[in-house]
A.B. asks: 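Could you have a look at this structure, given as structure tokens, before my questions?
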Amino acid sequence: MNYFPEEVLEHVFDFLTSDRDRNAVSLVCQSWYRVFIGNCYAISAERLIARFPRVRSLTLKGKPHFADFNLVPHDWGGFVYPWIETMAKSGLNLEELRLKRMVVSDDSLELLSRSFVNFKSLVLVSCEGFTTDGLAAIASNCRFLRELDLQENEVEDRRGQWLSCFPDSCTSLVSLNFACLKGEVNLVALERLVTRCCNLRSLRLNHAVPLDTLQKILVQAPHLVDLGIGSYVHDPDSETYHKLKSAIQKCTSVRSLSGFLEVAPRCLAAIYQICLNLTSLNLSYAAGIHGTELIKLIRHCGRLQRLWILDCIGDKGLGVVASTCKELQELRVFPSDLYGVGHAAVTEEGLVAISAGCPKLNSLLYFCHQMTNAALITVAKNCPNFTRFRLCTLNPTKPDPVTMQPLDDGFGAIVQSCKGLRRLSLTGLLTDQVFLYIGMYAEQLEMLSVAFAGDSDEGMLYVLNGCKKLKKLEIRDSPFGNVALLTDVGKYETMRSLWMSSCEVTLEGCKTVAKLMPRLNVEIINESEQVEVEASPDDRQKVEKMYLYRTLVGPRRDAPDFVWTL
Amino acid sequence: MADCSRKDEPCPQLLDLISKDREWLVRRDEQRRNGSSEDKKLELRLGPPGQDWTIKDGTKNHSRERDESLLSLSYFSNKASMNHSNSNSNSNPNISGTKRGFLDTVDRKTIEDGWITNNNNNGTQTQKFSSSENTVGTALSFLHKFPSTPQSLPVKAKESSQHCCTKVVDLQNAEEKAFSPTSVNTAVPNSSQKRSAPASAPVVGWPPIRSFRKNLASSSSSKPPLESQDVVSDKVAKEKQVESCQKGLFVKINMDGVPIGRKVDLKAYDSYEKLSSAVDELFRGLLAAQIDSSADGIQTKQEGEKAITGLLDGSGEYTLVYEDNEGDRMLVGDVPWHMFVSTVKRLRVLKSSELPTLCLGSKQEKTPLDAAAAAALK
């Protein structure tokens, strides 16, 4: 039962303080109150509570990562209701709940809000299944709520007044993030809420909050540390704008800025002041800021440590980042022109410039039109501290355009140089060679994402054999088949999960794994209409989507029809 | 710029990888130059390359075998890729040597271009290299299409890897198991067949971003980012674009004698005439109410509401003017409509009698009209 090695538990605190997004081992820690469960199907709520009856903070992750990209059907699973129900029944004193990629119904939120008197913090990331009615329940019933943080969830708007449901007696809010909500909010209720919550430090608004409301809010809450601006459109000659400017100048504590879901670029001058102190800037939703305004803004941000931006910043813009943001540690560049309409956004040049100017860079997500081996080798030399390196060429099998070679060597240089690399995603034309490099050099690698890469089973085997700390492996559209899958099935018990879609594994291969490894759930997701459960499906058929994961509790009982657990 | 001391540690190792390859490849290159490349060229061209080639190679010892096939490859690939690599060698002096040596041999593109047609023997041959660490082997393994029997995996392959670490020995063991019909089937010479996503056709779940961002991106892609050229009107136009794309283009409009202003959505009109009639509609009632109230209670309702006409040509009681992005007051109607829309900041409906007293920008030539307007008012 206990296949979590002891030394892992010793490192519990390291994992606890890590960022939510870090892919830590699916581990259940013994020490007091906080429990992190990387796969909600690895263990059951009953067993959790039996082992940790005093748990106060629970983190749960549901769907596999590729669900973010629509590769997992909606009702695959990851329902939080049973967890909340069980915890409620057992009288647990739950205070914090953090969920990622889970299905959260309004009923669950309602039950949550009524069951735990001391409930303080709800963080939902990439979840779905709830509406603003569920939020209303949280607002109404959680009397000591400190944190309501909604990040990129699909929330149905019910046109209710959920914000107004915070009672007048609620003064405890420290963090409120509803930037992902699509509907209107009651602006007066919002202003009142901000006014009475003097401890509010983090506030992220959605697009429905206009600039004049923002101005009033900032007057009430000058101590904000983290601000997400909703709509930032106004006439820069107006009095409101001037009031905003002076309100902003008093917000000397703001260190993190995001949003600008709608923006009038001429109004940006008002925020230059706070840019000077920013350590985190997320403009990845600010499609309205580009060109010189964007660059002008960046020039003020000399202390930036984290920057999320759209690729319309261009290579030149990244050059400005490189010369301005010397403290930069994390950079994410998202694509803005998805349909390849035309203008080249960022290429390898921008990345090389960043690597040269920002030696502290340790985390990268970079969507680009092209990449070269030479650039990657240079980046590897300049920035040996990468812990997370994710590169995505928009054409997934594009070779080095200068040499027409695969990008094997470039990525090889990255894994060789960055000894602390824990997470890696690769694209571009890639052969088995790159996996050989990864197996050889990426000793700390915990998560690897592969798409349209490799030549043969060898590639996958290099990784499985070489990366001793591998926890999550997700592969799509790559020529890895049964041999790779079956060569070392014991490996999968040391990992959290393996995803393979559009590869070469067959039903027979998957069945074999399931037979050999009873402590794994091997799930086949079959969405096609020709699901003939009665007739025995051909074992030689290739499996479209396979997801296997270790578990203590056997096949799950909530799997929908199209999911077969072998 | 960067702290070099921190970099010293990883750099040598990185360069080691590259320099080792370079050494190894320099040796190969030398052999190539010294060897009879012409013969090899012929070998390659004879019939199904695999058959003849393997027959010939079978008589030599392993290391020569390997070198030859490597040499063959590199020769061929150099031939085809000469333009490519040579032209680029000047641009990246630091890397090009490595690149050229290291990467030529995996110039898969040229290999694909027709050299290898696959058969069992060829597959066997190539397997030897794929189980060593060199990249050529890998390129070859990529290419064999047909099932090849694992048992031909040689012990020799292990000898061939010269700079492997102990890890690699493990890997090679794995490699021996790796070959199977299944896996080989999937390797096709034409890279586009299995793996490549055609650039234009959408692939499910590609690029890998959350749907949240996709929605945002698609709405922004319709507006190509302008390189603003510090022309004020461009900036304003862009701003208006942002604003108007979301909300319509509302500007304030005030009328002399009417204390309350209105807002008008310029996006709703496409000509001055339509704007003019809209202004009429907006203010007719207000104006009438104003006149009523200013008449000290005397109800002159029978007058009703008077249409506001002649706004554009100076012929009416009122004239439409606007304030542009430079702060100047301008007469409405001089510039094309779209240009007007891009520079207008607010509108005013002035009494025509007051026109001569205003600074009209460059519209001084309108005096004849003014005179006419003034005359009309009398």
Side-chain angles (χ1 to χ4, degrees), chain A residues 68-71 152 233 262-266 285 287-288 290-292 312 334-341 343 359 367 374 377 380-382 384 392 394-397 402-405 409 413 416-417 431-433 436 439-440 452 455-458 461-462 465-466 477 479 481-483 487 504, chain B residues 2-3 7 10-11 13-14 17 84-85 88 92 95 99 102-103 106-107 109 133 135 138-139 141-142 167-168 170-171 174-175 177-178 180 182-184 186-187 191 194-197 199 204-214 216-218 220-221 224-228 239 242-243 246:
Chain A
D68 280 350
F69 317 134
N70 299 328
L71 288 180
E152 297 187 340
V233 178
E262 292 171 359
V263 57
R266 280 180 59 193
Y285 287 109
H290 30 69
T292 52
C312 49
F334 293 94
S336 58
D337 177 18
L338 288 180
Y339 304 105
V341 167
H343 54 284
F367 285 85
I377 292 172
K381 285 192 209 168
N382 289 341
C392 180
L394 291 173
N395 175 352
T397 53
V402 170
T403 62
M404 298 314 286
Q405 300 300 325
D409 296 340
Q416 193 196 28
S417 168
T431 73
D432 283 345
Q433 184 70 17
L436 176 60
M440 280 174 67
F452 303 95
D455 312 314
S456 71
D457 287 323
E458 281 191 273
L461 284 170
Y462 290 144
N465 288 326
D477 294 273
N482 290 342
V483 171
T487 296
E504 299 292 319
Chain B
D3 182 12
K7 290 198 170 60
C11 276
Q13 291 167 345
L14 186 61
L17 171 68
H84 249 305
S85 17
N88 290 315
N92 296 317
I95 310 289
K99 236 179 10 184
F102 193 40
L103 301 178
V106 292
D107 193 342
K109 184 169 188 285
E133 273 182 59
T135 53
T138 309
S141 75
F142 166 77
K167 253 191 193 169
V168 175
D170 293 335
L171 290 170
E175 289 147 34
K177 298 182 214 163
S180 79
T182 322
S183 65
V184 169
T186 68
S191 68
K194 170 64 188 173
R195 292 188 280 114
S196 69
V204 174
W206 198 265
I209 58 174
R210 292 181 181 161
S211 359
F212 243 79
R213 296 196 178 277
K214 278 194 171 147
L216 161 82
S218 57
S220 73
S221 66
L226 303 172
E227 288 305 312
S228 23
E239 178 195 24
V242 171
E243 291 173 348
Q246 288 136 7

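Chain A is the first sequence line, chain B the second, and so forth, proteins listed ahead of strands; every chain is numbered from 1. This is a predicted model, so every value here is computed, not measured.
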A.B. asks: Has B:W206 got a side-chain atom pairing as donor or acceptor with A:N395's backbone, closer than 3.5 angstrom?
C.D. replies: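 Checking the backbone N and O of A:N395 against the side chain of B:W206, no donor-acceptor pair under 3.5 Å is found.
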A.B. asks: Using a 4.5 Å cut-off on heavy atoms from C-beta on, say whether the side chain of B:P207 contacts that of A:F334.
C.D. replies: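 Side-chain contact under 4.5 Å: no.
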A.B. asks: Can you give me the closest heavy-atom contact between A:N70 and B:V204, atom names plus distance?
C.D. replies: O-CG1, 4.3 Å
